[in-house]
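To start, the structure itself, in structure tokens.
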Amino acid sequence: MNTAFYDRPVLEVARDLVGCVVTHSPTSGVIVETEAYHDSEPACHAFVGLTARTRVLFGPPGVAYVYRSYGIHALLNAVTEPEGSGSAVLIRALEPLTGLALMHERRGLERIEALCSGPGKLTQALGIGLELNGSDLIRGPVRISERPPQWRSVDVSAGTRVGISKAIELPWRFCAVGSRFLSQPPGRVSVA
DNA sequence: CATGGGATTGACT
DNA sequence: GTCAATCCCATGC
């Protein structure tokens, strides 16, 4: 994956990331669910403008934005669009691929379907913490790589986002159709 | 300087 | 289905 991939409209990147692989060695997983956030809408952290917190969101594309949610969980985002545009793709769920034993250890004994089926769960399973905020997704410790062959033609559905209180009507959530590893059942359906 | 809310999860009823 | 845990940071006085 290269910088040009992220240097595009956030909705395109969010859809294209489904089926790609997130790796934080030795653990990795296939992205099955994403959400897009953009500074033009109030659900996005960058909506408030450039601050110390949103600095990374307005920075160059292809960088990780990791932040703490509800004081407890770390959530992983991929910054998109040219520098100066505050936008990012939230990685919401993965299908575990490698390092399963370590994931189980970090999460406690659970079903495979529950290891990475939520934005706070997958960061725990992959060992991704706030210290990775601002790290490079192309050369850094956490990387995103292209779709494996069997994911090249994955069907992607668009639906409404989850767990937010503003701009809840935007269909900016993208899911791999039929995946058992989603954080929640799809909201609304369309094509890809 | 004090306050309140949030892109969640998991335990309990 | 309901609810507490927990903390960074934007906002307001």
Side-chain angles (χ1 to χ4, degrees), chain A residues 6 9-11 13-15 17-18 22 27 29 31-59 61 63-81 85-96 103-135 137 142 144 156-176 179-188:
Chain A
Y6 299 100
V10 66
L11 288 178
V13 179
R15 188 185 54 205
L17 276 176
V18 175
V22 177
T27 52
I31 299 172
V32 294
E33 181 177 343
T34 66
E35 283 180 5
Y37 288 89
H38 190 272
D39 59 51
S40 63
E41 46 92 15
C44 183
H45 290 171
F47 184 68
V48 298
L50 183 59
T51 66
R53 184 196 196 188
T54 62
R55 184 181 71 254
V56 173
L57 282 172
F58 285 95
V63 168
Y65 170 53
V66 184
Y67 79 99
R68 186 175 298 286
S69 174
Y70 291 87
I72 303 174
H73 307 286
L75 272 59
L76 174 66
N77 302 251
V79 176
T80 64
E81 305 195 0
S85 171
S87 63
V89 176
L90 171 67
I91 310 299
R92 286 194 53 90
L94 302 178
E95 175 174 331
M103 290 190 191
H104 273 110
E105 186 179 318
R106 286 168 172 159
R107 301 263 307 128
L109 288 179
E110 301 200 42
R111 299 173 305 123
I112 289 190
E113 290 88 346
L115 284 180
C116 299
S117 60
K121 298 177 183 179
L122 70 92
T123 54
Q124 185 184 7
L126 296 202
I128 295 172
L130 300 181
E131 71 279 3
L132 291 171
N133 186 38
S135 70
L137 288 173
V142 175
I144 302 180
V156 179
S157 69
T160 51
R161 293 180 291 183
V162 178
I164 56 174
S165 55
K166 300 164 191 165
I168 58 178
E169 74 285 355
L170 296 175
W172 285 10
R173 177 182 181 225
F174 300 91
C175 297
S179 173
R180 304 151 44 218
F181 301 90
L182 301 177
S183 66
Q184 297 191 23
R188 198 175 304 163

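Since the structure is predicted, the reported quantities are computational estimates derived from the model, not experimental observations. Numbered from 1 within each chain, the chains take letters A, B, ... in sequence-line order.
Legend: residues meeting side chain to side chain donor-acceptor pair (under 3.5 Å) with A:S87, ordered by chain and number and at least two apart, are A:T80. Applying the side chain to side chain contact (heavy atoms under 4.5 Å, CB included) rule to A:A64 yields the partners A:V66, A:L76, A:S135, A:L137; only residues at least two apart in sequence or on another chain are considered. Residues passing the salt bridge (Lys or Arg N to Asp or Glu O under 4.0 Å) test with A:R107 are A:E110, sequence neighbours excluded. By the side chain to side chain donor-acceptor pair (under 3.5 Å) test, A:Y37 is found to be paired with A:E35, residues two or more places apart in sequence or in another chain being considered. Scanning for salt bridge (Lys or Arg N to Asp or Glu O under 4.0 Å) contacts around A:E41 gives A:R161, with sequence neighbours left out.
For DNA chain C, the outermost nucleotides in 5' to 3' order that have an atom under 4.0 Å from a heavy atom of chain A are C:dA5 to C:dT11.
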Polar atom pairs between nucleotides 8-11 of chain B and protein, under 3.5 Å, N or O only, would you list them?
unit_1, atom_1, unit_2, atom_2, d
B:dT8, OP1, A:R92, NH1, 3.3
B:dT8, OP2, A:G163, O, 2.6
B:dT8, O2, A:H73, NE2, 3.1
B:dT9, OP1, A:P119, N, 3.1
B:dT9, OP1, A:G120, N, 3.1
B:dT9, O4', A:H73, NE2, 3.1
B:dG10, OP1, A:R107, NH1, 2.9
B:dG10, OP1, A:R107, NH2, 3.4

Could you write out each protein N or O paired with an N or O of nucleotides 1-4 of chain B at a distance under 3.5 Å?
none

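Within residues 38-57 of chain A, the residues that place at least one heavy atom under 4.0 Å from DNA chain C are, in residue-number order, A:V48, A:T51, A:R53.
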I'd like a table of donor-acceptor pairs (distance under 3.5 Å, sequence neighbours excluded) in which one partner is a side-chain atom from residues 52-59 of chain A, with atom names and distances.
unit_1, atom_1, unit_2, atom_2, d
A:T54, OG1, A:G49, O, 2.7
A:T54, OG1, A:T51, N, 2.8
A:T54, OG1, A:T51, OG1, 3.3
A:R55, NH1, A:A52, O, 3.1

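For residues 63-74 of chain A, the side-chain hydrogen bond (donor to acceptor under 3.5 Å, both in side chains) pairs, not counting sequence neighbours, are A:H45-A:Y65.
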| field | Secondary structure string for DNA chain B (Watson-Crick or G-U under 3.5 angstrom, | for other-strand pairs) | value | ||||||.|||||.
